[in-house]
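Report on the structure given below.
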Amino acid sequence: MSKKAAKAEVGAVGKAAWLAIMRSMMLARLAEERLVRLYHQGKIFGGVYTGIGQEAIGAATTAACGEHDLFTPCIRNMTVHLGRGECVLNVFRQYLGRATGPTRGRDGNVHYGNMKNGVYAMISHLGAMLPVLVGGVMARRRRGMDTVGIAYIGDGATSTGDFHEAVNFAAVNDVPVIFLIENNKYAYSTPNSDQFRCKRLADRAAGYGIEGVCADGNDAVGLHLLTRELVAGLRAKPRAMLMECDTLRMRGHGEHDDASYVPRELVEEYAKRDPIRAAWERLMKEGVVPREALDQLERACREEVDRAYHQALNEPPPDPATLLDGVYADA
Amino acid sequence: MSKKAAKAEVGAVGKAAWLAIMRSMMLARLAEERLVRLYHQGKIFGGVYTGIGQEAIGAATTAACGEHDLFTPCIRNMTVHLGRGECVLNVFRQYLGRATGPTRGRDGNVHYGNMKNGVYAMISHLGAMLPVLVGGVMARRRRGMDTVGIAYIGDGATSTGDFHEAVNFAAVNDVPVIFLIENNKYAYSTPNSDQFRCKRLADRAAGYGIEGVCADGNDAVGLHLLTRELVAGLRAKPRAMLMECDTLRMRGHGEHDDASYVPRELVEEYAKRDPIRAAWERLMKEGVVPREALDQLERACREEVDRAYHQALNEPPPDPATLLDGVYADA
Amino acid sequence: MPEITYLEGIRLGLQRLMRERPEVVLYGEDVGAFGGAFKVTLGLQEEFGKDRVFDTPISESAILGSAVGMATQGLRPVVELQFVDFGMTAVHHLLNNAATTHYRTGIPVPMTVRAPCGGGFGGGPFHSEELESLFCLMPGLKVVYPAFPSDARGLIYSSVMDPNPVVFLENKYLYRHVKEIVPQSFEPVPLGAARVCRAGRDAVVLTYGAMVHEALRAAEQLASDGGYEVMVVDLRTLKPYDADTVLTAVAATNRVLIAHEGWRTNGFGAELSALVADRAFHLLDAPVRRVAAPDVPVPFAPELENAYRPNADKIATALLELMEY
Amino acid sequence: MPEITYLEGIRLGLQRLMRERPEVVLYGEDVGAFGGAFKVTLGLQEEFGKDRVFDTPISESAILGSAVGMATQGLRPVVELQFVDFGMTAVHHLLNNAATTHYRTGIPVPMTVRAPCGGGFGGGPFHSEELESLFCLMPGLKVVYPAFPSDARGLIYSSVMDPNPVVFLENKYLYRHVKEIVPQSFEPVPLGAARVCRAGRDAVVLTYGAMVHEALRAAEQLASDGGYEVMVVDLRTLKPYDADTVLTAVAATNRVLIAHEGWRTNGFGAELSALVADRAFHLLDAPVRRVAAPDVPVPFAPELENAYRPNADKIATALLELMEY
Ligand SMILES: Cc1ncc(C[n+]2csc(CCOP(=O)(O)OP(=O)(O)O)c2C)c(N)n1
Ligand SMILES: Cc1ncc(C[n+]2csc(CCOP(=O)(O)OP(=O)(O)O)c2C)c(N)n1
Ligand SMILES: [Mg+2]
Ligand SMILES: [Mg+2]
């Protein structure tokens, strides 16, 4: 795409949409930075896993989707939740194990969803949400909805059998799902070189008879434009596809991990390509969003995170007397 | 390869080697035809699963390997067992559940192996022997052997998570294993079109960063020459690879299945390319093996099958008193 | 009234469900035109179309995982494992995905996993397993195991209509070996309710699946040989199981034998025995005994499999021992 | 004599094995330079090289399956599941591949699967499971579960040297919570032998893993509060389990409580109870009771997890009830 065409497209998306994407990213960044601090202050029970540096992916892609679409986020996808309408208050409730939270304290940290938003709550088993999403999309389509799905998955999780089975199953049944691989170079401490031998994970697409694309996962603007196109394509002609997003995990696997195994140069390289700053600068430069709007947005996000945290803090934990409730759904 | 070069190569392999390949194929064909008859006479407990029409693959590829190589055959690979030195007597013992057989009646039909020959006994779970083979090859190599492995696997079994995990694991660790996909067009009643969407399963190789080749699975001569080359290559530079062999299952999934879901034309097409007849004719035509030798071989095989069956028939079944023995290996 | 086999019972239940409930879909390996490895679903694709009855790749994880996804979006998927043994490649979808979803998120998961089990026909170690106790460990799962054609029909109906994930175990030996004359129309059989198949006051056999029939035979034998009246209780649902019926039976008989086809150690019989040892200790006149398979892989040869598999004789012997305690 | 943690016990056992036995290799996700999610293998890659200690892709099937392949070719692979929960993606390799190989083919499979288990630290439903009873069902497998640093060290040694596939369960809570002063050199602790950790004549607690420590605390409490002397038996090996020690303990106390961290229904406690109800019925003065987790997914919030998880108080309460029976 020529620079001019790209610029025109960015303009066509419109200020409100870009602000929404910026909002998801900023909110997530600020919320996660807060969680990081809380963790190191010993105020979080369990672990903290962030998507710092990877915010563009969830924000840009969910914003390209529609009301009935379905999503299975992974541990680094707070922007998928926020992009689909989750409130940051629920995020803190979840982390603090509040009775008021999305899992009412039954599950922790990143293990939440909101079906109102079309977002599944993940289980930890890597790869296991992929077939779930495929089935969910199949069901909604059978019921007459024009649903498309996006399954987020790490580079490491592509080595699971579930990844393979789900992609193949979706391909055979022409289920419109984007399997979006966030290649952040590491799976816990394990680098790509110990995880797979292909150059790009998108190369796996051919083996499923589907299309595979690569994208810059730190470029929210480009990613949003691309995803709009892909989603429209999948709606027009339902089919599965692979999308590999290049990015880097900017912190440890979790906050207990100092990630000293990641070469410093790599971190520095990606620090220069921070997705929030990059999008901010581009949107300003192309004149779609004025600086004041962004400044204002950032202030609002800060306040929202602050408010959410304090509200969650004051909400009640689950009542132990409810421990046994709801193992089964009532007929 | 030019016709002339190919011919020269065929000659170079030598009469004895070709006769050995022909022998595996003929023995297997005759033994399986006998088993089919026995099944329909109600003389077999359990099922009968044959590799009729697919004999070339196991025969041609095992003959290209060396003493320390390792193999995980599947249900249609009697020629892998025979090609590695298993006697047809053991095959009948296994089918008849004899105490003298390779699993002493503890497992049936195709579930046998012989570690003396480097052949693992399969478990039924499709795909599950692939990582076993990878581990086996890694272990032998660690112990100083120059081992290469061949894992045989059906088109349907490529949809299992285990297939994916094993191929990727071998690729990452440069384990010299050929994952040999016998694409016989069906997995039980399920055709390729309901199993995967890629054109050729060998297309999956790129996604693992390894080489993938396609071959005519009904051409024992071509397959043997190709495998010699590949095995030499893997020994020189250890690495995993995919090999897809085109063939057709010429009978039902098992003898209980009339395979009426397979189009007649397809069966007729492959009937014209029967691997035993094709090899026979080519070897005669190219003058490497005289007709008399083949005629004589066939007679010998018939006798051997007959003798083996009758001997196995007269051998004892397992003693129920041994039921509990050997669940654990003794320290 | 027609006579149906166990297998036909399941098929009739599925057929009625699919006629009444557009949200029921059925899939698995070879279940479409082929009708499944055991032909349970034969004719259903023809009647209901490929949209509702379809074949899948050989991908147990994709099958079970997608069913979780469908069940949470308004469908009632019924999936078939070709053999329960092969479900072991994807246990995490049952234990972690299906079974925990309602507890974690409040979203019901009305999916049914049909799984042919058991031996007796030369299937060998990988086509004959009985794995109910493994499923019974999983909080949030229901586990159903019919023994009779009528129960097969009525229980599959209730399983599919239940808002929870149900593992519906089918005994391969019973598929064509038991027949029953049943009315054309039927009431669903409720989950969680055991059934006293035979009255008796001298002892009770707690059992399910193929062993119900063996226990009934053993009870007949004891009645005619020794004049003992042995009660037989068919659990029918293993999770959650019907503790009340079990405890009432124990109170009425004071002697308990547990019989199942699967392995002894940590088999489901252990749970039943533990229930009795805890809640009915004061009612017992004899030890609680188990007749189960020994802890060895299911052997292939008939000589070995016969020695391996529990049957009426082994149950009768154990019962006599209990009587004489 | 050094004081070591449970975690260090395992590491020391592994280190000695690797020094003595060139055929021992160790692999799994992040077990190399990183030392594993819990740092059990920290330093081993440095000492023994990447050839013997290496990282793998996230592929539980490949890990377990390849270990079967290696174990049958002269190596002794020790593989780590990052959490036992994730092993559920590849159960077929344990149940069908590893556990049946010797019975079917006569070839031993000396592999060890290390699997961190249990909760108590906010791990939630998928990082806190206790799945021993599922492994205990599998004929041909051995299942080991140490409770003390010395046993961790001595049992990992014996597990790796055993010619059979062993699932070696490690309790995450105990990793850094229990310490013990031990001699520098050690004898391997034999598999299959339970240990009486505390003598007593009034009742016995049959237990293992983290609950051994809770049972000991409960026993102390009862001793000081009520003057009861409660025996505590640590099973240590769950399959095959030490029925003799259990039955001797029952004979000496006549009252039995079983305690484990995992789910109640079909938990390993059911098997122990069934053993007692069968073989020691005549010795019992009270019902056999189980203290176990309720049948719900392991909850995350501390308020819920504390209610969920068995502990010394719950054990003490159950013991008092038994005493008063
Ligand atoms: C089946 C399975 N095996 C192991 C784990 C433990 N585990 C959790 S996250 C993780 C690394 C994931 O790496 P990747 O998929 O690249 O995602 P990232 O953390 O980089 O976003 C591992 C090994 C798991 N959750 N599931
Ligand atoms: C994991 C697993 N799922 C299902 C089965 C049942 N099953 C046995 S053979 C078979 C078809 C195999 O097809 P393919 O791999 O193409 O091999 P072929 O029989 O054609 O040689 C199926 C579904 C199995 N053995 N393992
Ligand atoms: Mg990653
Ligand atoms: Mg095939």
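What you are looking at is a predicted structure, and each value in this text was computed from that prediction instead of being measured. A, B, ... follow the sequence lines: proteins, then strands. Residue 1 opens every chain.
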Q) What part of C:Phe121 lies closer than 4.5 angstrom to a heavy atom of chain B: side chain, backbone, both or neither? A) backbone
Q.
Taking CD in C:Glu46 as the centre, count heavy atoms belonging to other residues, nucleotides or ligands within less than 6.0 Å. Is the count above 12?
A. no
Q: Check whether B:Leu126 gets within reach of chain C through its side chain, its backbone, both or neither, counting any heavy atom under 4.5 Å.
A: side chain
Q | Per-residue contact mode, B:Arg98 against chain C (heavy atom under 4.5 angstrom) | A | neither
Q) Can you tell which of B:Gly108, B:Gly97, B:Gly46, B:Gly154 has the highest number of heavy-atom pairs within less than 4.5 Å of chain C? A) B:Gly108
Q: Counting only heavy atoms closer than 4.5 Å, note whether B:Tyr328 contacts chain C via side chain, backbone, both or neither.
A: neither
Q: For B:Arg197, look at atom CZ and say whether over 12 heavy atoms of other residues, nucleotides or ligands are found less than 6.0 Å away.
A: yes
(Q) Just verifying a value: how many Å separate C:Tyr308 OH and B:Arg106 CZ, rounded to the nearest 0.5 Å? (A) 13.0 Å
Q) Under a 4.5 Å heavy-atom cut-off, does chain B meet the side chain of C:Asp55, its backbone, both or neither? A) side chain
**Q.** Region of C:Ala37 in contact with chain B, defined by heavy-atom distances below 4.5 Å
**A.** both
**Q.** Stepwise side chain to side chain contact (heavy atoms under 4.5 Å, CB included) check, C:Thr89 with B:Asp162
**A.** CA-CA 9 Å; C:Thr89 59; B:Asp162 276 27; 5.6 Å; no
**Q.** Close approach to chain B in residues 57-67 of chain C, criterion heavy atom under 4.5 Å
**A.** C:Pro57, C:Ile58, C:Ser59
Q: Using non-hydrogen atoms and a 4.5 Å limit, figure out which bit of B:Ala187 sits close to chain C: side chain, backbone, both or neither.
A: both
Q) Can you say whether B:Tyr188 sits under 4.5 Å from chain C via the side chain, the backbone, both, or neither, judging by heavy atoms? A) both
Q: Determine the interplanar angle of the C:Phe126 and B:His111 rings, folded into 0 to 90°, and report it as parallel if under 30°, tilted if 30 to 60°, perpendicular if over 60°.
A: tilted
Let me check something: any side-chain donor-acceptor pairs from residues 300-307 of chain C under 3.5 Å, sequence neighbours excluded? List them with distances.
| unit_1 | atom_1 | unit_2 | atom_2 | d |
| --- | --- | --- | --- | --- |
| C:Glu305 | OE1 | C:Gly122 | N | 3.2 |
| C:Glu305 | OE2 | C:Gly120 | N | 2.5 |
| C:Asn306 | ND2 | C:Pro302 | O | 3.2 |

Q. Can you check whether C:Phe83 reaches B:Ser124 side chain to side chain, under 4.5 Å on heavy atoms?
A. no
**Q.** Heavy-atom pairs under 4.5 Å with chain C, option from B:Thr190, B:Leu324, B:Val327 with the top count
**A.** B:Thr190
Q.
For chain C, which candidate among B:Thr103, B:Thr322, B:Thr160, B:Asp107 shows the most heavy-atom pairs at distances under 4.5 Å?
A. B:Asp107
